[in-house]
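Below you'll find the structure, written out as structure tokens, and then a few comments.
Note: hydrogens, waters and symmetry copies are ignored here, and every other heavy atom, side chains too, is used. These numbers come from a predicted model, not from an experiment. Along the sequence shown, the residues carry numbers beginning at 1.
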Amino acid sequence: MQLVIISGKGGTGKTTIAAAFSWLAGTSIKADCDVDAANLHLLLGGKDQTATPFIGAKVAQVNNELCTECDRCTMACRYNAISGHVIDELRCEGCGACAVVCPVQAISLVDQVTGSTIITSTDKGLLSRAEMEIGAEGSGKLVTEVRKNVHLHRTGDQMVILDGSPGVGCTVMASLTGVDVALIVGEPTVSGIADFKRVADLAEQLGVPTLVCVNKYDLNPDLSEQLHSHCVQRNIPLVGRIPFDPLVNRALHELQPIVAYPASPAAKEIVAMWEKIIGLVKEEALDENCSSK
């Protein structure tokens, strides 16, 4: 089974739950698909085994020996990336227009390293993750590489836990594609409900079965009930209501998954939710909106 934990917005507690599931799943293989701000490894610990540069874009480069300073490249660039016959790599989009208009072929497109893919060995199994370079692009492509590494290191039908990206952008699409089930982490706020609807729509369009949990549900019971009503309307099972718990902050400060604190009310609910999800999968009791592939 491949289970991805996603959220329509940042700050809902997605990684906290992903870390807890990774802990509970034992020697499953994990993937941190939130490549723009990867932090699952901080809670799981471990030692990096490999780090491989990732080429996610191309950037224009000028050969000053050939350049005649005709300024055609400057006029052709829509991104204002060329000034004084020098290319600003942070502005360059790698479109190649400058190379096309150059009469002496002084400009070429070269590969640009935008990050690295990393395999980390933890006490709870392997973690596939990545780190983006500052200001780099191509994060959706990098998520795909992170997931490719999962399949390269996966043994048989080994369970895969994926910490997805927040929002509904290309990184989320790359996180969702081909998984067996997605757990959406919602929060009882106005923006939280709006963003939940968006990511639920995305999962539906991609044909991914979904489950929902509400984090810190007791901070606003009315909005929690609204979120629950939306789940009923969409026929999406609500599998967990996690209470607000100050121990979560302590766990994060101590770089531990919350389930490492058995007395934690949030940990108890997360454990119960995990058992419920595993039970649904084993019983193949998931309906059309949440069915095992």
Flag side-chain contact, heavy atom, 4.5 Å: Tyr261 against Glu254:
yes

Between Arg198 and Asp201, is there a salt bridge with N-O shorter than 4.0 Å?
no

Side chains of Ser264 and Asp245, donor plus acceptor under 3.5 Å:
yes

Between the main-chain N or O of Thr74 and the side-chain N or O of Asp71, is there a donor-acceptor pair closer than 3.5 Å?
no

Side chains of Phe21 and Leu183, heavy atoms from C-beta outward: is any pair under 4.5 Å?
yes

Check whether any side-chain heavy atom of Val160 sits under 4.5 Å from a side-chain heavy atom of Arg147, and report yes or no.
no

Out of Asp34, Ile6, Val179, which residue meets the side-chain contact (heavy atoms from CB on, under 4.5 Å) rule with Leu162?
Val179

When you look at CG of Asn249, are more than 12 heavy atoms from neighbouring residues, nucleotides or ligands closer to it than 6.0 Å?
yes

Under the salt bridge (charged side-chain N to carboxylate O under 4.0 Å, His left out) definition, can you give me all pairs with a residue in residues 149-167, not counting sequence neighbours?
Lys14-Asp163

Counting only N and O atoms by type, is there a donor-acceptor contact under 3.5 Å from the side chain of His153 to the main-chain atoms of Asn149?
yes

Identify each donor-acceptor pair in which a side-chain atom of residues 91-110 lies under 3.5 Å from a protein atom, sequence neighbours left out, and give them as a table.
none

Which is it for Glu187 and Thr189 under the side chain to side chain donor-acceptor pair (under 3.5 Å) test, yes or no, and what are the steps along the way?
CA-CA 6 Å; Glu187 66 176 15; Thr189 63; 3.0 Å; yes

Taking salt bridge (Lys or Arg N to Asp or Glu O under 4.0 Å) as the definition, give me every residue that meets it alongside Asp48, ordered by chain and number, with sequence neighbours left out.
Arg129

Assess whether side chain to side chain contact (heavy atoms under 4.5 Å, CB included) is satisfied between Thr120 and Gln49, documenting all intermediate values.
CA-CA 5 Å; Thr120 301; Gln49 290 188 342; over 6 Å; no

Ser7 side-chain N/O to Val185 backbone N/O, donor-acceptor pair under 3.5 Å
no

Taking atom NZ of Lys9 as the centre, does the number of heavy atoms from other residues, nucleotides or ligands within less than 6.0 Å exceed 12?
yes

Looking at side-chain heavy atoms only, is the closest gap between Ile17 and Ile242 below 4.5 Å?
yes

Return the minimal non-hydrogen interatomic distance between Ile119 and Leu126, and the atom names on each side.
CG2-CD2, 4.2 Å

